[in-house]
Amino acid sequence: RVAYFVDVFANYNDPQIAEATVAVLRHHGIQVYVPPGQWSCGMASLAMGDVETARELAEANLRVLGDLVRDGFRIVCSEPTAALMLSHDYMNLIEDPVARLVAENTVELTAYLGELHDRGRLRTDFRPLNVSIGHHVPCHLKALGGVPRAAQLLSLIPGCRVHEIDIGCSGMAGTYGLKRRNYWTSLEAGRPMIDELRRPRVLFGTAECSSCRMQMEEGAGKRALHPVQYLALAYGLMPEIEQRLRSPLRGRTLP
């Protein structure tokens, strides 16, 4: 049994990520519970120096998640930033045994699916997906430790060619790149990653981090989805994702 911590981006900006997460987990016979009463993980507040708001959000989430962990649930996050907050920063914000309990039972989604694969429990009833995908490894995923698993998982899909892009930060740096005054600086910081994504051998992009994917689409002009969305498509659970891949992106790209 897992409790899915949705966080802000999948809740408000791209609910299809949350839908794909639940669909893929249930495809493996896993009981998924999305607890009501969960708030933002608090990273945006913490990054801006608003420690008190971050602490209030942490306390609210721990009241919900602590009881679930005691009942035998494991917390799964599709957003690496949320997983990092729950498993690391909450213990620094709050001196409470519940914070450590939640931290010890929180896992990022692709790491969880990788665990299933290691135990021979990951389903491989994939439909062919003849695409080439560039996978960017986000900074917060690296901070969680362990070996990134998304590229390995996507490579299990017949016809899917995965090129791992691990040459630095995307340059978005959370909300930094969303500010008008930081726009070009952010894109220049992410240029090595963007240049790799713009190569003809890569058709689409992917990254676990939502801000990284925004940067990938803005800089390279190519559709970038969460790894779980490609998995949901290949499992035949969400065929509507194919239409999203076919829809062209419009907007500015880095020259």
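Between the side chains of Y90 and D96, no donor N or O sits under 3.5 Å from an acceptor N or O. There is a side-chain donor-acceptor pair under 3.5 Å between Q152 and R149. Side-chain contact, D125 with H27: a donor N or O sits under 3.5 Å from an acceptor N or O. Side-chain contact of Q16 with R244: a donor-acceptor pair under 3.5 Å is present, judged by distance alone. Side-chain N/O atoms of S211 and Y176 include no donor and acceptor closer than 3.5 Å. No hydrogens or angles considered: nothing links the side chains of T206 and H135 as a donor-acceptor pair under 3.5 Å. Between the side chains of T110 and E108, at least one donor-acceptor pair of N or O atoms lies under 3.5 Å. For the residue pair E208/S78, the side-chain donor-acceptor check at 3.5 Å is not satisfied.
V32 places none of its side-chain heavy atoms less than 4.5 Å from the side chain of R1. In this structure, the side chains of I241 and Y230 stay at 4.5 Å or more apart for every pair of heavy atoms. You'll find the side chain of I30 stays beyond 4.5 Å of the side chain of V24, heavy atoms only. When side chains are defined from C-beta on, L225 does not count as touching I17, because their heavy atoms never get closer than 4.5 Å. V202 has its side chain out of reach of I133: every pair of non-hydrogen atoms, C-beta onward, lies at least 4.5 Å apart. In this structure, the side chains of V2 and Q31 stay at 4.5 Å or more apart for every pair of heavy atoms. Taking 4.5 Å as the limit, some side-chain heavy atom of L187 sits within range of a side-chain heavy atom of Q215. Within the 4.5 Å cutoff, no side-chain heavy atoms of Y235 are placed close to those of R127.
Between H136 and P138, the closest heavy-atom pair is O-CD, 3.2 Å. Among all heavy-atom pairs drawn from G66 and L101, the shortest one is O-CD2, 4.2 Å. Nearest heavy-atom pair, L93 versus A58, reported as atom, atom and distance to 0.1 Å: CD1-CB, 4.4 Å. Scanning both residues, M238 and A20, for their nearest heavy atoms gives SD-CA, 3.4 Å. Nearest heavy-atom pair, D7 versus N11, reported as atom, atom and distance to 0.1 Å: O-CB, 3.1 Å. Scanning all heavy atoms of the two residues, the minimum distance from E217 to A224 falls at OE2-N, 3.0 Å.
Here E104 does not pair with R74 in a salt bridge; the nearest charged N to carboxylate O distance is not below 4.0 Å. One finds a salt bridge joining E196 and R201 here, because a Lys/Arg side-chain nitrogen approaches an Asp/Glu carboxylate oxygen to under 4.0 Å. A salt bridge is defined here as a Lys NZ or Arg NE, NH1 or NH2 lying under 4.0 Å from an Asp or Glu carboxylate O, and D166 with K142 meets this definition. One finds no salt bridge joining R198 and D195 here, because no Lys/Arg side-chain nitrogen approaches an Asp/Glu carboxylate oxygen to under 4.0 Å.
A donor-acceptor pair under 3.5 Å is absent between the side-chain atoms of E59 and the main chain of E56, judged by distance alone. Using modelled atom types, one side-chain atom of D50 and one backbone atom of T53 make a donor-acceptor pair closer than 3.5 Å. Of the possible polar contacts, one joining the R213 side chain to the A207 backbone as a donor-acceptor pair under 3.5 Å is found. Between the side chain of R223 and the backbone N or O of R246 there is no donor-acceptor pair closer than 3.5 Å. Formation of a donor-acceptor pair under 3.5 Å by the S155 side chain with backbone atoms of A151 is found in this model. Not one N or O on the side chain of S40 forms a donor-acceptor pair closer than 3.5 Å with the backbone of V8.
F9 and M43 are not part of a single hydrophobic cluster, where members link through side-chain heavy atoms under 4.5 Å apart. With hydrophobic clusters built from ILVMFWY side chains whose heavy atoms lie under 4.5 angstrom apart, L154 shares a cluster with L109. A single hydrophobic cluster is not seen to contain both M91 and L57; linkage of ILVMFWY side chains at heavy-atom distances under 4.5 Å, directly or through other members, places them apart. Under the 4.5 Å side-chain heavy-atom criterion for grouping Ile, Leu, Val, Met, Phe, Trp and Tyr, V107 is connected to V22 within one hydrophobic cluster. Residues Y112 and V137 are members of separate hydrophobic clusters, defined by side-chain heavy-atom contacts under 4.5 angstrom among Ile, Leu, Val, Met, Phe, Trp and Tyr.
The CG atom of L86 sits 4.5 Å away from the OG1 atom of T106 when rounded to the nearest 0.5 Å. In this structure, K179 NZ and T175 OG1 are separated by 3.5 Å, a value rounded to the nearest 0.5 Å. Taken to the nearest 0.5 Å, the CZ atom of R161 stands 8.5 Å off from the CG atom of L203. Interatomic distance, C209 SG to M216 CE, rounded to the nearest 0.5 Å: 10.0 Å. Going from atom CG of L245 over to atom CD of Q229 covers 8.5 Å, rounded to the nearest 0.5 Å. Interatomic distance, I165 CD1 to R199 CZ, rounded to the nearest 0.5 Å: 9.0 Å.
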* To do: Decide yes or no on side chain to side chain contact (heavy atoms under 4.5 Å, CB included) for L84 and L141, but give the supporting numbers first.
  => CA-CA 8 Å; L84 187 62; L141 191 72; over 6 Å; no

* side chain to side chain contact (heavy atoms under 4.5 Å, CB included) between M172 and C212, intermediate numbers included -> CA-CA 6 Å; M172 180 63 87; C212 290; 5.8 Å; no

* Could you walk me through whether W39 and V64 pass side chain to side chain contact (heavy atoms under 4.5 Å, CB included), step by step? => CA-CA 10 Å; W39 293 78; V64 174; over 6 Å; no

* Please assess E79 against C41 for the test side chain to side chain contact (heavy atoms under 4.5 Å, CB included), listing each intermediate value before the final yes or no. => CA-CA 10 Å; E79 191 69 51; C41 70; over 6 Å; no

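Ring geometry for F73 against Y33 counts as tilted: the plane angle lies between 30° and 60°, on a 0 to 90° scale.
Heavy atoms from other residues, nucleotides or ligands lying under 6.0 Å from CD of E240 number more than 12. Counting non-hydrogen atoms of other residues, nucleotides and ligands closer than 6.0 Å to CZ of R181 gives a total of 12 or fewer.
The salt bridge (Lys or Arg N to Asp or Glu O under 4.0 Å) test applied to E52 returns R55, not counting sequence neighbours.
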